[in-house]
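Data block below; observations after.
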Amino acid sequence: MMMTIGFIIVAVITVIIVGFSFAAINGRRNRKRAVGFFHPYTNDGGGGERVLWCAVRAIQDENPNLHCLVYTGDHDATPQSLMARALDRFGVTLLSPPKVVHLYKRKWIEETTYPHFTMIAQSLGSVYLAWEALCKFTPLYYFDTSGYAFTYPLARLFGCKVICYTHYPTISSEMLSRVRQRSSMYNNDALIAKSVWLSRCKIVYYTIFIYLYGVVGSCAHLAMVNSSWTKSHIEKLWGFPDRIKRVYPPCDTSGLQVLPLERSAEIPLIISVAQFRPEKAHSVQLEAFSTAIKRLDSGLPKPKLQFVGSCRNKSDEERLQMLKMKAIELNVNEQVEFYKNVTYRDLVGLLAGAVAGIHSMTDEHFGISVVEYMAAGAIPIAHNSAGPKMDIVLDEDGQQTGLLACTVEEYADAILRIIKMPEMERLKMAAAARKRALRFSEERFYDDFKTAVGPILCHISR
C-alpha cells in the first residue's frame with residue numbers, strides 16, 4: 001500500500017514538473033539580475049515577515065546592483081506600502097522599495113482549501129503558485145522565506161539559484177512520533193489519534209511525505225535555518241550539512257534594550273506575543289493564568305494577561321473570538337486584554353510594562369517573542385522544548401535568564417513565582433536575560449546572513 005501511494009504521489013509531481021518545464025525553458029532565457037523573495041503572505045505580522053524584510057535589507061546592503069522583488073498574494077501591496085510596513089511593523093528601514101509581483105493563485109496554498117491531506121496538498125499547491133510567480137518574473141536568485149520546499153525543483157528548472165531561510169521543517173520526526181503514540185495535538189486530529197487503523201494510514205502518509213520532503217529540500221543551493229533544533233532536523237531530512245547554515249533570526253534587541261528594567265508593582269503585567277494560530281496554544285496560557293489567580297495569596301495584586309498578536313485569515317479571527325469566550329468561561333475576562341495587529345511602537349510600549357512574557361508552543365523552532373521578552377526586561381516563561389530550551393533560555397554568566405514549563409500546572413507555578421519574586425531577584429534575572437538577548441540581535445543576523453549568502457551571490461552562473 002505504501003509503495004502504491006508513494007508511486008501515485010511521485011507520478012503526480014513528475015507530471016506537474018514536466019508540464020512546468022516548458023515554461024521553465026523560456027524563463028531561463030529571460031532571467032533578470034534580481035533576487036525574488038517568495039513570501040505569499042506579506043501581512044502575517046510574525047517572525048517570518050521580520051526575516052523577510054531584514055533579508056531584503058541585507059541584500060540591498062551587500063549587493064546594491066541586485067534588484068529585490070517580493071512575490072506576494074496580498075493584492076493591495078505596493079512597493080511603497082511594503083517599505084512603510086517594514087518600518088512601521090518591524091523597525092526595518094529598506095534602502096529602496098522592493099518590486100512587487102502579485103500572485104492570484106494563493107488559494108492553492110491555503111489550509112482551508114484542503115480539508116484532508118492538507119500537508120501534501122498545500123505543498124503541491126505551492127508548486128502551482130511558484131509557477132505563476134516564476135512565469136511572471138524569473139530572477140537569478142529564488143529566495144524562499146516561507147518554507148515552501150516543494151517549489152525548489154521548479155525554481156531550479158527555471159535556472160534560478162535556490163536559497164531558503166527555513167524557520168521549521170514542514171514535517172519532523174516528532175510529528176511522526178506523536179502519530180505513532182496516538183497523541184492528539186494540532187497536527188494530529190483526535191479522531192485519528194483514537195483509531196489504530198487511521199493512525200497506521202497516517203504513519204504511511206507521513207513516511208512518504210518525509211521522503212519527498214528530503215528530495216525537494218536537497219534542491220536548495222543554500223539553506224539557512226533559525227536554530228539548533230531546526231538545523232539538526234533539516235540536516236537529517238535533506239542530507240547536505242555543508243550547505244546548511246544556522247543563522248539566528250533578527251530580533252529587535254536594540255530598540256528594546258533601552259527600556260527600563262524597573263516595572264510597576266501595582267498590577268503585574270504578563271504579555272503573550274504570538275500570532276493567533278493553533279500551534280501557539282493560547283488556551284494553555286489562559287488556563288494557567290486562571291489557575292495562578294485561584295492560587296494567588298489574598299494580599300497580592302491580581303496580575304493582568306495581555307494577548308498581542310495578528311490574524312492571518314478568518315480561521316485566526318475565529319480562534320481569537322473563541323479565546324475571548326474562554327476567558328469569560330474561566331472568569332478571568334476582567335484580567336485579560338487582547339490586542340490585534342498592533343503597530344511596532346505599540347508593541348514596544350506593551351513590552352515596556354510587562355514583568356513576564358509567556359510562550360507555550362511545543363517544539364517552537366526558535367521563539368523570537370521569547371528573545372523580545374528578554375531584551376525588553378520581561379522574564380520569559382517559555383515551553384520546555386526546541387528553540388527556547390536549546391538556544392534561548394539558557395544561563396548567562398551562571399545566572400538564570402527565565403523559566404521553562406510544559407503543563408498548565410508548571411506554567412501556573414512559573415507565573416506565581418515571578419509575581420512573588422523579590423524586586424532585586426527579578427531585576428537580576430531580567431538583566432541576565434537582557435544580556436543573553438544580545439546574541440540574537442539584528443546586527444548578528446546581518447553579519448551571519450551576509451557571510452552565508454556571500455559565496456552564492458558572487459557566482460552569477462551555475
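Position 1 is the first residue of the sequence, and the numbers go up from there.
Here the straight-line distance linking atom CG of Leu269 with atom CD of Gln335 works out to 12.0 Å at 0.5 Å rounding. Distance check: Glu235 CD to Lys231 NZ gives 3.5 Å after rounding to the nearest 0.5 Å. Rounding to the nearest 0.5 Å places CD1 of Ile59 at 6.0 Å from SG of Cys68. To the nearest 0.5 Å, the span separating NZ on Lys294 from CG on Leu416 amounts to 13.0 Å. From Cys251, atom SG reaches atom CD of Glu442 across 8.5 Å, with rounding to the nearest 0.5 Å. Atom NZ of residue Lys420 and atom CD1 of residue Ile415 lie 12.0 Å apart, to the nearest 0.5 angstrom.
A donor-acceptor pair is defined here as one N or O able to donate and one able to accept, closer than 3.5 Å; no such pair exists between the side chain of Ser290 and the backbone of Leu286. With hydrogens and angles ignored, the 3.5 Å screen pairs a side-chain donor or acceptor of Gln400 with a backbone N or O of Gly402. No donor-acceptor pair closer than 3.5 Å links the side chain of Glu287 to the backbone N or O of Val284. At distances below 3.5 Å, at least one donor-acceptor pair connects side-chain atoms of Arg263 with backbone N or O atoms of Ala352. Checked by atom type and distance alone, the side chain of Arg156 pairs as donor or acceptor with a backbone atom of Cys219 at under 3.5 Å. Between the side chain of Tyr205 and the backbone N or O of Ile120 there is at least one donor-acceptor pair closer than 3.5 Å. A side-chain donor-acceptor contact under 3.5 Å links Thr113 to the backbone of Lys107. Of the possible donor and acceptor atoms, one in the side chain of Arg243 sits under 3.5 Å from a partner among the backbone N and O of Ala220. Remark: the backbone N or O of Ile171 is not paired with any side-chain donor or acceptor of His233 at under 3.5 angstrom. Without hydrogens or angle criteria, Ser360 side chain to Ala281 main chain gives a donor-acceptor distance under 3.5 Å.
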Audit row: His359, Glu364, side chain to side chain donor-acceptor pair (under 3.5 Å) steps and yes/no: CA-CA 9 Å; His359 158 278; Glu364 173 81 85; 3.2 Å; yes
Audit row: Tyr411, Gln285, side-chain contact (heavy atoms from CB on, under 4.5 Å) steps and yes/no: CA-CA 7 Å; Tyr411 276 104; Gln285 300 175 15; 5.8 Å; no
ring-ring contact (aromatic ring centres under 6.0 Å, His included) between Phe143 and Phe38, worked out: CA-CA 6 Å; Phe143 201 140; Phe38 190 70; over 10 Å; no
Side chain to side chain donor-acceptor pair (under 3.5 Å) assessment of Tyr339 paired with Glu337: CA-CA 7 Å; Tyr339 298 85; Glu337 299 173 345; 2.8 Å; yes
Check against ring-ring contact (aromatic ring centres under 6.0 Å, His included), Phe209 and Phe150: CA-CA 11 Å; Phe209 190 88; Phe150 277 70; 5.5 Å; yes
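Within the structure, every pair that satisfies the side chain to side chain donor-acceptor pair (under 3.5 Å) test and touches residues 426-436, not counting sequence neighbours, is listed here: Glu396-Arg436, Asp397-Lys435, Glu423-Arg426. Applying the side chain to side chain donor-acceptor pair (under 3.5 Å) rule to pairs touching residues 86-99 yields Gln60-Ser96, sequence neighbours excluded.
Put simply, the side chain of Phe338 does not reach to within 4.5 Å of the side chain of Leu305, judged on heavy atoms. Counting heavy atoms from C-beta on, the side chains of Pro139 and Val35 never come closer than 4.5 Å. Inter-residue side-chain proximity for Val247 and Val225 is flagged as unmet; no heavy-atom pair is nearer than 4.5 Å. Counting only heavy atoms from C-beta outward, the side chains of Phe90 and Pro250 never approach each other to under 4.5 Å. Taking 4.5 Å as the limit, every side-chain heavy atom of His221 sits out of range of all side-chain heavy atoms of Ile163. When side chains are defined from C-beta on, Ile419 does not count as touching Met421, because their heavy atoms never get closer than 4.5 Å. Side chains of Val273 and Leu347 form a contact here, defined as non-hydrogen atoms less than 4.5 Å apart. Using a 4.5 Å heavy-atom threshold, the side chains of Tyr211 and Thr207 count as separate.
Using a cutoff of 4.0 Å between basic side-chain nitrogens and carboxylate oxygens, Glu111 and Arg277 are not scored as salt-bridged. Between Arg319 and Asp316, at least one side-chain N (NZ, or NE/NH1/NH2) sits under 4.0 Å from a carboxylate O, which counts as a salt bridge. The pair Arg85-Glu49 counts as a salt bridge, with a side-chain nitrogen and a carboxylate oxygen less than 4.0 angstrom apart. Between Asp413 and Arg417 there is no salt bridge, since none of the side-chain N atoms of the basic residue sits less than 4.0 Å from a carboxylate O of the acidic one.
Put simply, the residue from Phe445, Phe366, Tyr373 that forms a ring-ring contact (aromatic ring centres under 6.0 Å, His included) with Phe440 is Phe366. Of the candidates Ile392, Ile381, Thr401, Val370 forms a side chain to side chain contact (heavy atoms under 4.5 Å, CB included) with just one, namely Ile392. Considering Thr230, Thr166, Asp391, Asn226 as possible partners of His365, the one that fulfils the side chain to side chain donor-acceptor pair (under 3.5 Å) test is Asn226.
Between the side chains of Tyr248 and Arg246, a donor-acceptor pair is found at a separation under 3.5 Å. Side-chain atoms of Thr451 and Asp448 include no donor-acceptor pair closer than 3.5 Å. Of the N and O atoms on the side chains of Tyr142 and Thr151, at least one donor lies less than 3.5 Å from an acceptor on the other residue. Counted by atom type alone, Asp144 and Tyr165 present zero donor-acceptor pairs between their side chains at under 3.5 Å. Judged by distance alone, the side chains of Ser146 and His39 do bring a donor and an acceptor atom under 3.5 Å apart. For Ser81 and Thr78, the side-chain atoms include at least one donor-acceptor pair closer than 3.5 Å.
In plain terms, the two heavy atoms of Pro169 and Tyr213 that are nearest each other are CA-OH, 3.4 Å. Annotation for Pro241 and Gly239: closest pair CD-C, 3.6 Å, computed over non-hydrogen atoms. Here the shortest heavy-atom pairing between Trp53 and Ala86 reads CG-CB, 3.6 Å.
The cationic atom of Lys161 (NZ for Lys, CZ for Arg) does not lie both less than 6.0 Å from the six-membered ring centre of Tyr141 and within 45° of the ring axis.
Residues satisfying the side chain to side chain contact (heavy atoms under 4.5 Å, CB included) criterion with Ala437, sequence neighbours excluded, are Thr253, Gln257, Val371, Met374, Ala375.
Other residues, nucleotides and ligands contribute more than 12 heavy atoms inside 6.0 Å of the CZ atom of Arg295.
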